[in-house]
Amino acid sequence: MGAATQSADLPVDLSVDLCGVRLDGPLMLGSGGLGESADTLAEFQRTSCAAVVTRTLRTVVLPGRERFPSPHLSAGPRRNWLLNCEWGNLRPLRYWIDTGLPEAAARGPVIASISGRSLEDCERTCRALAGSPIGLVEINFSCSHAGQAFGRVTDDADHVARVVTAAKRASRAPVIAKLGWSPVLAAVAAMAVRAGADAIAVTNSIGPGLDIDVDTAHPKLGIAGGFGGMSGPAIFPIALECVRQVVDAVTVPVIGVGGISSGDDAIKMIMVGATCVQVYTAATFRGPAVFDAITNGLRHHLRRRGHQTVAALRGLATPHLREPTNTHIRVPVVDTANCHPCGACQRVCPADAIDMTSRAEIRPDACTGCGLCVDVCPPYFNALSLPQGTSNRNG
Ligand SMILES: Cc1cc2nc3c(=O)[nH]c(=O)nc-3n(C[C@H](O)[C@H](O)[C@H](O)COP(=O)(O)O)c2cc1C
């Protein structure tokens, strides 16, 4: 990448076009309980969140699913993940058609999330929403804990294609297929697009996962079996690779979802080819303000790198993902002025290659070039970096 250009005044254009819908920026609130009603969505529409997705709407509430298990949310240590065993919107579709969607759409673009489990239900919901002021429809094929309980539809390319075809016939709005992690993700995404999907969102929660309370030996979640879908920062690298795979497989816009909690996370998603990103768990933990924090990070990066549009970032990582494996050892370089020998790098070095004097000193002959020390150096020091090029070690 070119040299950094820093200007606090440089105007940057964050707007994106998603299937003909103009958004003021690339950030959206993902589907979930924060989109349970027009009132809860309003909190996010006051921020730089450019579009909101409803919690998945239901025409049919199955017996026993009128309420959620209790507890239905469980947070990991340091809030690096969240498990949930929630299911669709508790409010009737009628509420959304009469009140929720008109109210929310008057404030900004709204995406209606609907379930992709049953073809008939999906078609019926699209028809019912045909007169509603929605920007797009997002078909949820990918809830990981519902998949555990009722069978995974996100792996079933034929099912996904049939449902997308039916939704396209019934819907006036462009259709997003929301897929989840799957060993056949790229093939399913390609089939969804062939069936008419206007965009792909990936991923939903991943798993399911399980957590146990050590004092009671009970599962943390109240659902039989204790399992729940996992979301939050811990799933980010999986979500990023899912987005990369889908971008490679389709030509329609891709919406990156999963573990995004900072400007850098959003930038990484866009660099592998995402057009927009959705944020959910970070909004649960940090509230609506997280959208302005992510937007500021994104804007700051664009200015620092001299880009004027968010589109300039799209796909920047793609050529590098095609480069061959590098087996030449790159020994990290210490910026002596910034190193305040805290010892973080020395503690994690698996090769015991770092001496701590008045600063970190890396012994090139012992270093295996693993790169871990660079990532654990506190960002406010930022004293370690990997050299450009292939190798800076003799032999
Ligand atoms: C409590 C909770 C409820 C969710 N409900 C839905 C839902 O109704 N429909 C849907 O498509 N995704 C749902 N999701 C998945 C999120 O939209 C998102 O895809 C996933 O959590 C990964 O993104 P994140 O790590 O930013 O949360 C839910 C996630 C959580 C944590």
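Just so you know, these numbers use all the heavy atoms, side chains as well, and skip hydrogens, waters and symmetry mates. Note that ligands are numbered from 1 as they come in the structure, with each ligand's atoms numbered from 1 the same way.
- Classified by interplanar angle (parallel below 30°, tilted 30° to 60°, perpendicular above 60°), the ring pair Phe141/His159 is perpendicular.
- In the candidate list Val290, Ile260, Val53, Asn84, Asn84 is nearest to atom 2 (C) of ligand 1, counting heavy atoms.
- Between Ser205 and Ser144, the side chains place a donor N or O and an acceptor N or O closer than 3.5 Å (distance only, hydrogens not considered).
- Side chains of Val310 and His301 form no contact here, defined as non-hydrogen atoms less than 4.5 Å apart.
- Electrostatic pairing of Asp158 and Arg162 does not count as a salt bridge here, judged by no charged N lying under 4.0 Å from a carboxylate O.
- With respect to atom 22 (C) of ligand 1, the closest heavy atom belonging to the protein is Gly258 CA, 3.7 Å.
- Residue-level proximity to ligand 1 for Asn140 is carried by the side chain, the only part with a heavy atom below 4.0 angstrom.
- Atom 15 (C) of ligand 1 has as its closest protein heavy atom Asn204 OD1, 3.1 Å.
- At least one side-chain heavy atom of Ile354 sits less than 4.5 Å from a side-chain heavy atom of Cys373.
- Contacts between Leu82 and ligand 1, counted as non-hydrogen atom pairs separated by less than 4.0 Å, involve the side chain only.
- For atom 1 (C) of ligand 1, the nearest non-hydrogen atom of the protein is Glu86 OE1, 3.4 Å.
- Close approach to Gly232 involves these atoms of ligand 1, each under 4.0 Å from a residue heavy atom: 25 (O).
- Counting the atoms of ligand 1 from 1 in the order shown, those under 4.0 Å from a heavy atom of Val257 are 18 (C), 19 (O), 23 (O).
- Ranking the protein heavy atoms by distance from atom 20 (C) of ligand 1 puts Ser205 N, 3.7 Å first.
- Under the 4.5 Å side-chain criterion, counting only non-hydrogen atoms from C-beta, Arg322 is in contact with Thr318.
- Closest protein heavy atom to atom 21 (O) of ligand 1: Ser231 CB, 3.2 Å.
- Near Leu73, meaning under 4.0 Å from any of its heavy atoms, are these atoms of ligand 1: 1 (C).
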Q | Derivation of the side-chain contact (heavy atoms from CB on, under 4.5 Å) call for Ile176 and Ile139 | A | CA-CA 6 Å; Ile176 306 166; Ile139 311 176; over 6 Å; no

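- Counted by atom type alone, Ser113 and Asn140 present zero donor-acceptor pairs between their side chains at under 3.5 Å.
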(Q) Apply salt bridge (charged side-chain N to carboxylate O under 4.0 Å, His left out) to residues Glu120 and Arg124 and explain how you reach the verdict. (A) CA-CA 6 Å; Glu120 295 71 28; Arg124 210 167 33 235; over 6 Å; no

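- At the top of the distance list for atom 4 (C) of ligand 1, counting protein heavy atoms only, stands Gly32 CA, 3.5 Å.
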Q: Determine, step by step, whether Trp96 and Asn89 satisfy the side-chain hydrogen bond (donor to acceptor under 3.5 Å, both in side chains) criterion, reporting the C-alpha distance in whole Å, the side-chain angles of both residues, the deciding distance to 0.1 Å, and the verdict.
A: CA-CA 10 Å; Trp96 282 100; Asn89 210 281; 3.1 Å; yes

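- At a 4.0 Å heavy-atom cut-off, ligand 1 touches Thr203 through the backbone alone.
- For Thr281, heavy-atom contacts with ligand 1 shorter than 4.0 Å involve the backbone as well as the side chain.
- Annotation: atom 26 (O) of ligand 1 to nearest protein heavy atom, Tyr280 N, 3.0 Å.
- Under 4.0 angstrom from ligand 1, the non-hydrogen atoms of Lys178 all belong to its side chain.
- Of the candidates Ala283, Gly180, Ser31, the one placing a heavy atom closest to atom 17 (O) of ligand 1 is Ser31.
- Residue contacts with ligand 1: Gly259 is placed with a nitrogen or oxygen under 3.5 Å of a nitrogen or oxygen of the ligand (distance criterion only).
- When side chains are defined from C-beta on, Phe150 does not count as touching Cys143, because their heavy atoms never get closer than 4.5 Å.
- Counting atoms of ligand 1 from 1 in the listed order, those under 4.0 Å from a heavy atom of Arg55 are 8 (O).
- What sits closest to atom 9 (N) of ligand 1 on the protein, heavy atoms only, is Thr56 OG1, 2.6 Å.
- With a 4.5 Å cut-off on side-chain heavy atoms, Asp155 and Val188 do not count as touching.
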